[in-house]
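Take a look at the structure set out below.
Both ligands and their constituent atoms are indexed starting at 1 by order of listing. Model, not experiment: these values are computed from the prediction.
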Amino acid sequence: MDRPKLLLTTVFGPYGIKNKYAEGVGMQMELFNNQITREQGVHSPRANYWTFPLYFLAENLSAVPTTVLDFPTWKDYIRELKKGYTHVGISFTQQNVIKAKRMTKYLREQYPETNIILGGYGTMLPDLEDIVPCDEICRGEGVGWLREYFGENPEAPIKHPIMHGVSQKYLYGFRDVIDDSGVLFPGLGCTNGCFFCSTSNKFNNSYIAFLPTGESVFAVCREAQEKLGVEGFAILDENFLKMPERARDLLVEMEQHRRPYSFAMFSSAETIAEVGVDFLVRLGVCLIWVGVESKKTIFSKVKDIDVHSLIAELQAKGITVISSSILFVEHHDKVTLEEEINWAIGLGTDLHQFMQLIPFPGTPLYSKYVAEGKMIPDFPYTKLHGQDELAFYHPHFTSKEAGRITREAFRKKYETDGPGVLNMALTVIRGYKRAKGDMKSREEAGLFWNPQTLRYERSTGYQIDEFMNLRIEQMRQRALEFRPLIPSARIFAPNNGSRKKAAQAAALYNETLGKPTLRERIRSYGLVCFATIEWLRIRVRRLFSRGEIVRQPLTCRVEYNSECSNFSPVETSKIPSGLQHRCNLSS
Ligand code: SF4
């Protein structure tokens, strides 16, 4: 056999455009606009993220020359194959299975010698091999699997890529080219085993830690800070706080080295309750996603937890909260579903994701529905995205009406609470104000942080909490970043309630930080100009029934285990910044 040469690729674009390979609604390659700030028009932040797992896999193969192709067009894919690969690995989700099929069919026709490896959540499909021609399927954790497949040591130490997480981002139509955050991938899976959850069930309700200690997480943060200059990180881990000792040790490391990194993360309610909100503030959690799922406590992760109070405390202390809930669960009828939506909106979180119940193949929910004959026969996998039609027979809702109800739920959240970015701006400034007040109160009361109990406790002797001072300054900087968007949020507010909220936010910023400087005012006016153009573009598209603006992710191509001088990004590519350090582009 030829010396192996591996291509790891995502499915091809365009994304979020309905065609014979994929759906439009619910399938954009961005998180916020697709399923969180949906229906928020000009206020919806737009961002695409790199397909981090592919870079992670490539980084951890030592002897096989590997190329990552992230978000290629069909043409990019064809052109790349001409470079000659012995193996092509395609990572895809269940909804993108038809794209994977087209890619593999082409491979079989044009390059019959090439080995095809399939990976990603799409591998949970029961009839995958009937749909997509392939040689191998990696169904579990990919690093160990690929290493073993290519004869490498599966137990070799894990190397974490150093790179930015976002490929491009827009706010009010303005493209922000400064990416000030990195990405951490501490582990895979979740032990909670919720019956509908693909992540948990794909890894047999277990957790695989790549960064098992606070020290290892800190080391990656530090390397990223040195190479990319970033101090904030998105943590790609379903439940990072589920290993509280790791989070606790991470804080100890940050305090010892006076490096107050900040984090956006996912967490279930019971783990937040366990470690406490003060710990999260100190740890630098600026955004947290909490799956509350349903007002009816059918999930152990919210059992006996006062979710309202927990969320209120998180936000009062400056942590942006994204909550998520599931619509069209079995107990929902017309009345209870409306109650559920109102309950979710009543949580008052900055942002909320409404997701329909999806019986994903590979989950207990799917097995149960198949056994009970509840699945709609031949429901296309491409529609398993949870934003439009239901894949199963619901006793009280038709599959078709589910899409309208879901869209209206987003609309209701928007009209009730206003733009999500405005809510975030308010949370940030309130949190900063509160943190300063809390610090003063603690000093007066002689309370100091106890890293053992994760609480502030009375202590003899006076100590200055220098780390918290650094953290508070970071919160102030964060508030300054949000301030320029308030005028745009006010001008394009959906109703009077939102306009008033924006006015209150502006007043609170003035009271807390003083009047905006000339530079800040110019930034605000500039953003209003961009917002006006974006708003007009949206209007015109609606007028001509052209749907909303869909932003395509950038394409990226990175070679691993090759001479740096061979580095040759495709025309449309952008290299995630961290990878530029790996291959010196100027060489
Ligand atoms: S807590 Fe979240 S990630 Fe964990 S099993 Fe439940 S839904 Fe999945």
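What you find for A269 and L310 is that their closest heavy atoms are O-CD2, 3.8 Å.
The side-chain hydrogen bond (donor to acceptor under 3.5 Å, both in side chains) search around T93 returns Q95, N96, not counting sequence neighbours. A search for side-chain contact (heavy atoms from CB on, under 4.5 Å) contacts involving T453 returns N450, R455, E457, not counting sequence neighbours.
D70 and T51 are linked by a side-chain donor-acceptor pair at a separation below 3.5 angstrom, with hydrogens and angles left out of the test. Counted by atom type alone, R471 and Q474 present one or more donor-acceptor pairs between their side chains at under 3.5 Å.
Contact annotation: for F266 versus ligand 1, there are no heavy atoms closer than 4.0 Å.
If you count the protein N, O or S atoms nearer to atom 4 (Fe) of ligand 1 than 2.8 Å, you get 1.
Screening residues 354-370 for salt bridge (charged side-chain N to carboxylate O under 4.0 Å, His left out), with sequence neighbours left out, gives E330-K368, K368-E372.
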